[in-house]
Amino acid sequence: MDIDLMLRVYPFFLEAAWITILLSVLTALLGLTFGALGAAARLSRFTSLRLLGATYVSIFRGTPALIQLFILYFGGPQVGIQLDAFEAGVIGLGINAGAYMTETIRGAIISIDKGQREAARTLGLSQLQAFYKVTLPQAARLMVRPLGVNLNMLIKATALVAAISVVELTYTAQRYIGSTYKPFEMFLLAGVLYMIIIYVTGRGVAWLDRRVRIT
Amino acid sequence: MGLDFTVIPKYLDVVLLGCLWTIAITVAAALVSFFGGILLAVVALYAPAVIRLPFRAFEFVFMGTPLLLQLFLIYFGLVQIGIDLPAFVAGVIGLGLHFAVYNSELIQTAIISVDRGQMEAARTLGLSRTQALRKVVVPQAVRAVIPPIGNNMIALLKDSALVSVIGVSELTLSAQRAIGATYRPFEFYLLAAAFYYVINLAMEWVQRRIERRIAISR
């Protein structure tokens, strides 16, 4: 194993790791937004909105995220959407993650017993109040762990933007594999950084889950 | 530049051929991940620590890093130690191992839930530990996890698009070839997406049928 080489290139990997983290954070925020909107659409009382939500989930979960990125980044200019690689990466991955999060959020909301809502209505709360004050606070606690799984997948999915030349961890590893012919060493550098990011995020989610859980 | 879908028919056969390769690589990698998953699960639960720990490390690394990075390691890394695999084989190994780790998680849980009682009963009837595992515990466990494994296989189909990056001429790379000739990325990536979607729907249909059959046989 070429330790010297690894010591020489690791600052570049560290820099790339920050890009991966930034990508993950922005994608997660966008994903949560789309997830919340998607879940609201899927639980709406309007058939057209429910259909729209279901179509969104089905299409974005039913096709590869890589293809979705390619359509947005390479195909976008044909329909008047000009994005740089980083923007396309965040938007593409965010919309994709949103489809998975829609199902997570919806699942948590429908698992709250109907009796809770009915009781709240009986006590004089409006439909909206019952949702925000009774159903949602309980559902939010149930969401933490499964959203954590979504987050874990999303962090690993940020590697896909290497294919549209965003200089994040995987792209950096790929580039140094090409120039040094030391794939194992480069994998080790990138891999350890990914595992640190994923481990820390996982601990954070577990901590949050413990804090909000009611037993 | 606008959209022009009339370019598609001329390259449809290229993309359809890519479709067949995507199906081939998905099936091959699914088999690797299925049997690999059983192996990993049995090792994780029953092997002595000397064997178990390296496997644990392997699983930890495969669950904690992106598939794309793993594909680069397998494709370029094996060349470094003198094994020059065709891209297709490297892709099958990469996808197969990646999903074997996820399948193993499911199978382990199922084995634990079957093991109690069943293992003791089989041992009482005179089967050795290995026989009891192979003939009694594992078959029952595998049946219990077919539906969730089906979800993993659908995820595998979508992740098979990644092997285009190491040069396997599957659906994504075929679309890229057509784009190289026509400069029509939107049209051909959309076409590829449509094919993935159809294969995906077909797999979901098969999965539902299998689930129904399992439900009946219980």
Side-chain angles (χ1 to χ4, degrees), chain A residues 20 58-81 96 100 152-153 155-163 168-178 180-199 202, chain B residues 1-4 22 60-81 98 102 151 154-166 170-172 175-176 179 183-201 203-204:
Chain A
T20 289
S58 173
I59 288 178
F60 283 90
R61 293 207 315 176
T63 56
L66 186 67
I67 294 278
Q68 293 164 21
L69 272 182
F70 284 166
I71 293 180
L72 183 63
Y73 183 61
F74 296 113
Q78 280 174 270
V79 291
I81 303 169
N96 179 268
Y100 289 88
N152 174 302
M153 303 303 264
I155 293 169
K156 285 181 269 181
T158 61
L160 298 187
V161 300
E168 42 66 78
L169 260 180
T170 297
Y171 184 85
T172 305
Q174 184 191 3
R175 194 167 60 184
Y176 281 102
I177 287 172
T180 62
Y181 299 105
K182 298 275 184 194
F184 184 74
E185 283 84 345
M186 298 307 125
F187 175 81
L188 203 61
L189 279 175
V192 165
L193 288 167
Y194 271 115
M195 285 190 279
I196 291 173
I197 296 171
I198 282 175
Y199 179 76
Chain B
M1 192 158 132
L3 299 181
D4 177 14
T22 283
F60 186 73
V61 171
F62 265 67
M63 291 193 100
T65 58
L67 174 60
L68 189 59
L69 193 63
Q70 293 160 18
L71 286 173
F72 286 141
L73 176 74
I74 289 167
Y75 188 55
F76 298 108
L78 291 177
V79 174
Q80 190 183 13
I81 56 169
H98 185 82
Y102 286 94
N151 291 338
I154 291 171
L156 192 156
L157 162 73
K158 286 174 280 168
D159 277 345
S160 75
L162 299 190
V163 300
S164 65
V165 178
I166 57 169
E170 42 63 83
L171 187 44
T172 303
Q176 276 164 4
I179 291 162
Y183 304 104
R184 294 256 161 220
F186 195 95
E187 291 85 341
F188 281 103
Y189 283 134
L190 200 63
L191 182 70
F195 279 124
Y196 277 113
Y197 191 62
V198 170
I199 303 173
N200 180 71
L201 288 182
M203 286 177 79
E204 280 177 2

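Order of the sequence lines fixes the chain letters, A, B, ..., with proteins taken first and strands second; residue numbering starts at 1 for each chain.
The most heavy-atom pairs under 4.5 Å with chain B, out of A:L193, A:L66, A:N152, come from A:L66. Contact tally against chain A (heavy-atom pairs below 4.5 Å) for B:T65, B:V61, B:L157, B:I199: the top residue is B:T65. Of all the listed residues (B:L68, B:I154, B:I179), the one sharing the greatest number of non-hydrogen pairs under 4.5 Å with chain A is B:L68.
Neither the backbone nor the side chain of A:A65 comes within contact range of chain B, judged by heavy atoms closer than 4.5 Å. Only the backbone of A:Y181 comes within contact range of chain B, judged by heavy atoms closer than 4.5 Å. B:S164 touches chain A through its side chain: at least one heavy atom from C-beta onward sits under 4.5 Å away, while N, CA, C and O do not. With a threshold of 4.5 angstrom between heavy atoms, A:I71 approaches chain B through its backbone and through its side chain. Contact annotation for B:I81: neither backbone nor side-chain heavy atoms come within less than 4.5 Å of a heavy atom of chain A. If you measure heavy-atom distances from A:A173 to chain B, the contacts under 4.5 Å come from the side chain alone.
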Donor-acceptor pairs under 3.5 angstrom involving side-chain atoms of residues 187-196 of chain B: please list them, not counting sequence neighbours.
{"from": "B:E187", "atom 1": "OE1", "to": "A:Q78", "atom 2": "NE2", "distance (Å)": "2.9"}
{"from": "B:E187", "atom 1": "OE2", "to": "A:Q78", "atom 2": "NE2", "distance (Å)": "3.3"}
{"from": "B:E187", "atom 1": "OE2", "to": "B:D4", "atom 2": "N", "distance (Å)": "2.7"}
{"from": "B:E187", "atom 1": "OE2", "to": "B:R184", "atom 2": "NH1", "distance (Å)": "3.2"}
{"from": "B:Y189", "atom 1": "OH", "to": "B:Q176", "atom 2": "NE2", "distance (Å)": "3.3"}
{"from": "B:Y196", "atom 1": "OH", "to": "B:E170", "atom 2": "OE1", "distance (Å)": "3.1"}
{"from": "B:Y196", "atom 1": "OH", "to": "B:T172", "atom 2": "OG1", "distance (Å)": "2.8"}

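Across every non-hydrogen atom of B:T22 and B:S160, the tightest pair is CG2-OG, 3.9 Å.
Separating the NZ atom in A:K156 from the OG1 atom in A:T158 is a distance of 11.0 Å, to the nearest 0.5 Å. Going from atom CG of B:L69 over to atom CG of A:L169 covers 8.0 Å, rounded to the nearest 0.5 Å.
Between the side chain of A:E185 and the backbone N or O of A:L188, no donor-acceptor pair lies under 3.5 Å. Of the possible donor and acceptor atoms, none in the side chain of A:K182 sits under 3.5 Å from a partner among the backbone N and O of A:Y176. In this structure a side-chain-to-backbone donor-acceptor pair under 3.5 Å is missing from A:Q174 to B:F72.
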